[in-house]
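Presented below is the structure to which this report refers.
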Amino acid sequence: MSSGDERDGGRGEGAPPEQLALIRESVRKAGVPRAKPRTWRGAALAKELPVARVLVDKGVLHLDRYFDYAVPEELDAEAQPGVRVRVRFGAGRGRVRDGRREGGGLIDGFLVERVAETDYSGPLAALAQVVSPEPVLSEELLGLARAVADRYAGSLADVLQLAVPPRSARAEQRPSPAPLPPPAAPEVGSWARYEHGGAFLEALAGGGVPRAVWNALPGSEWSEEIARAVGAALASGRGALVVVPDGRAVARVDAALTALLGEGRHAVLTADAGPEKRYREWLAVRRGAVRAVVGTRAAMFAPVRDLGLVVLWDDGDDSHSEPHAPQPHAREVLLLRAAQDKCGFLLGSWSCTVEAAQLVESGWARPLVASREQVRGAAPLVRTVGDGDLARDEAARAARLPTLAWQAVRDGLRQGPVLVQVPRRGYVPRMACANCRAPARCRNCSGPLEGQEAGAGGGFEGALRCGWCGQEEGAWHCAECGGFRLRAQVVGARRTAEELGRAFPAVPVRTSGREHVLDTVPGAPALVVSTPGAEPVAEGGYAAALLLDGWAMLGRPDLRAGEDALRRWIAAAALVRPQVAGGTVVVVAEPTLRPVQALVRWDPVGHAVRELSERAELGFPPVSRMAAVSGPPEGVAAFLGAVELPGEAEVLGPVPLPVTAVRGARRVGAPPVGERWERALIRVPPGRGAALAAALKAAQAARMARGGAGGEVAVRVRVDPPDIG
DNA sequence: AGCACGCCGACT
DNA sequence: GTCGGCGTGCTC
């Protein structure tokens with residue numbers, strides 16, 4: 001028998017395939033019972049539920065559905081839902097040899113379901129192998145992965161690659177420890193500092209599902225507070241999951257959990273643990289041996305049993321954004337999880353993102369905040385130095401450091417360590433007149449002129465280029481004072497830090513940055529120079545902090561520039577002693593700017609609420625939902641022509657993407673160097689995000705299926721693009 | 001993606 | 001007759 005005959009007899013008689021598909025469809029609709037599986041001759045099948053629905057592990061969108069395979073009798077026992085399998089999957093009809101079908105290669109997949117019948121009209125291939133009997137893909141995890149794939153217009157297989165760690169046979173063989181009985185509900189502890197803090201814990205311990213956006217008071221108790229929330233969820237007999245931005249934060253929560261609950265109640269899931277250890281911990285969670293998890297973003301999918309609480313710390317940190325397709329954000333994944341598992345939700349930060357504010361504004365989550373008196377008692381004094389002050393400040397011109405900042409550092413060093421926050425290297429330096437500090441602007445479009453990375457000596461190298469229109473500037477001179485010397489603000493800040501070190505020779509200088517991140521520093525006087533996000537915790541808190549990266553942070557043409565600046569400032573300032581204990585923060589930035597004012601008043605929530613209402617007015621995310629389509633101009637145009645968008649959708653652009661030829665600033669999804677790409681944004685009103693994602697996915701699938709053959713030029717689709725100018 | 005099927009022109 | 005180039009469509 002020829003396989004061609006079996007597949008679809010009659011193809012040769014001239015009916016076009018789409019017509020055949022229609023006939024098949026109508027036959028199925030007419031109620032013809034699903035077929036008993038037909039297989040290639042020779043295979044003895046499982047007696048019960050002989051069909052396995054398999055998700056093949058290929059991220060391609062047009063394969064984003066289940067394929068039916070026959071379950072051979074000898075695999076019957078092991079071929080349970082959730083196990084990893086290998087199947088033959090390949091093109092064409094394959095060949096039949098020895099009664100077995102050969103053809104495509106063996107590929108990995110997950111067995112999703114066992115059913116009695118198939119609705120596939122052809123003969124089924126048999127499962128080639130059950131990789132291991134460990135059911136790694138539970139119904140809950142599958143549901144979550146599906147929801148994430150739908151939310152982000154991505155494929156299920158891509159999401160599962162993020163959600164299920166690679167197998168390690170050795171890890172599987174080891175038995176997981178026996179689960180401990182639920183602990184007693186923890187004391188309220190420092191949650192008492194927050195209005196409704198006690199009630200939140202009580203609700204969790206009592207089996208409730210409270211949802212809160214928590215604005216944490218400055219200081220280092222946040223990890224302990226998270227541990228108490230986890231303890232409360234465990235006390236109710238449920239599990240808990242904590243996702244934090246980086247390994248340092250994991251270590252803190254890990255320590256707090258151990259201190260509160262002892263050993264053995266929680267697992268730590270981080271990428272840098274090594275594959276075997278990571279899988280072992282993951283398995284302990286899946287098997288229910290451990291009921292609580294703390295980890296970095298990959299842990300957002302951790303298969304915690306009977307989830308009672310999900311916690312996310314500092315959702316504004318961009319490491320919560322997964323770089324792999326379909327690039328889901330931990331906050332959104334945990335929101336989907338909370339909805340799906342009907343569990344408690346805690347989103348905590350020293351600052352507040354617009355998205356967090358929206359959760360409160362919409363009524364989905366309650367605010368968990370401290371009173372103004374509590375805030376005043378915990379926050380340091382914040383003072384500003386703006387351009388006007390600098391211009392008036394003779395000493396600042398000479399010493400390149402405002403008098404106020406100088407005094408704060410000097411006074412602080414008498415009491416303890418002083419933190420100096422400088423911009424990260426690799427930021428595109430903003431250029432300003434070295435003489436009068438006026439920003440250097442493009443003569444074509446008034447955009448900001450940017451330089452290449454400055455050399456170690458602090459000098460400025462390479463061509464100037466406009467950050468907006470990309471035009472090069474060869475012969476700049478200052479429109480304000482006629483000066484022709486430029487300085488990069490980044491360089492200015494670094495040099496200032498160096499000069500501070502020389503000015504206080506008796507004091508040790510310690511640095512913390514990308515290469516070398518310090519975890520803590522002692523409480524003795526020291527200058528601690530750090531880039532944003534790498535600030536060590538000081539024992540007893542810093543006496544003072546100097547925030548020198550105002551221009552670099554606020555100058556970026558990004559929707560989030562203000563929120564981001566405030567978040568980084570607050571994260572540094574939260575490590576400083578309270579004002580009542582002499583803690584002082586000096587920020588070198590214009591005091592009239594909104595994020596600067598929010599820092600002075602220590603009101604990140606108010607800032608986020610105002611940003612949110614502005615975004616709503618302008619139709620920006622997260623109020624509207626957006627997706628970006630980028631690629632070569634022909635590809636973007638073809639995609640926009642083919643996609644069937646929901647009626648309310650609005651297409652912005654396409655516009656040329658800036659040719660980001662800046663070294664070190666490479667981003668996922670950026671065009672290859674030298675290629676001219678365009679990007680269109682698609683916007684839909686609130687509530688239409690799912691429809692938009694579905695439309696994008698369908699269009700992308702159709703194009704991928706045609707592949708290179710149809711001459712389709714590939715485009716990238718990204719839901720929630722992070723960098724909307 | 002990969003790969004087999006099949007239609008059509010060229011060669012034994 | 002039959003070999004193989006490439007255009008098309010499918011993968012249980």
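Values in this document were obtained by computation on a predicted structure and should not be read as measured data. In the text below, chain A, chain B and the rest are named by the order of the sequence lines, each starting its count at 1.
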statement: To the nearest angstrom, the CZ-C1' distance between A/F67 and C/dC10 comes to 9 Å
task: Side-chain contact test, heavy atoms from C-beta onward, threshold under 4.5 Å: evaluate it for A/V636 versus A/R679 and give yes or no.
output: no
query: Can A/R683 and A/S624 be counted as having a side-chain donor-acceptor contact under 3.5 angstrom?
result: no
query: Do the non-hydrogen side-chain atoms of A/D318 and A/P722 ever get within less than 4.5 Å of each other?
result: no
task: For A/L127 and C/dT11, give me the distance from atom CG to atom C1', rounded to whole Å.
output: 16 Å
- prompt: Roughly, in whole Å, what's the span from CD1 in A/I107 to C1' in B/dC3?
  reply: 14 Å
A/Y69 OH to C/dC12 P, straight-line distance once rounded to whole Å: 4 Å
- prompt: Can you check the A/D108 CG to B/dA1 P distance for me, whole Å?
  reply: 20 Å
field: Heavy-atom neighbours of A/E139 CD exceed 12 at 6.0 Å
entry: no
- prompt: Expressed in angstrom and rounded to an integer, what is the separation of A/R88 atom CZ from B/dA4 atom P?
  reply: 12 Å
field: d(CZ, A/R86; P, C/dT11) in whole Å
entry: 21 Å
- request: Let me know the distance between CZ of A/R65 and C1' of C/dT11, rounded to the nearest Å.
  value: 7 Å
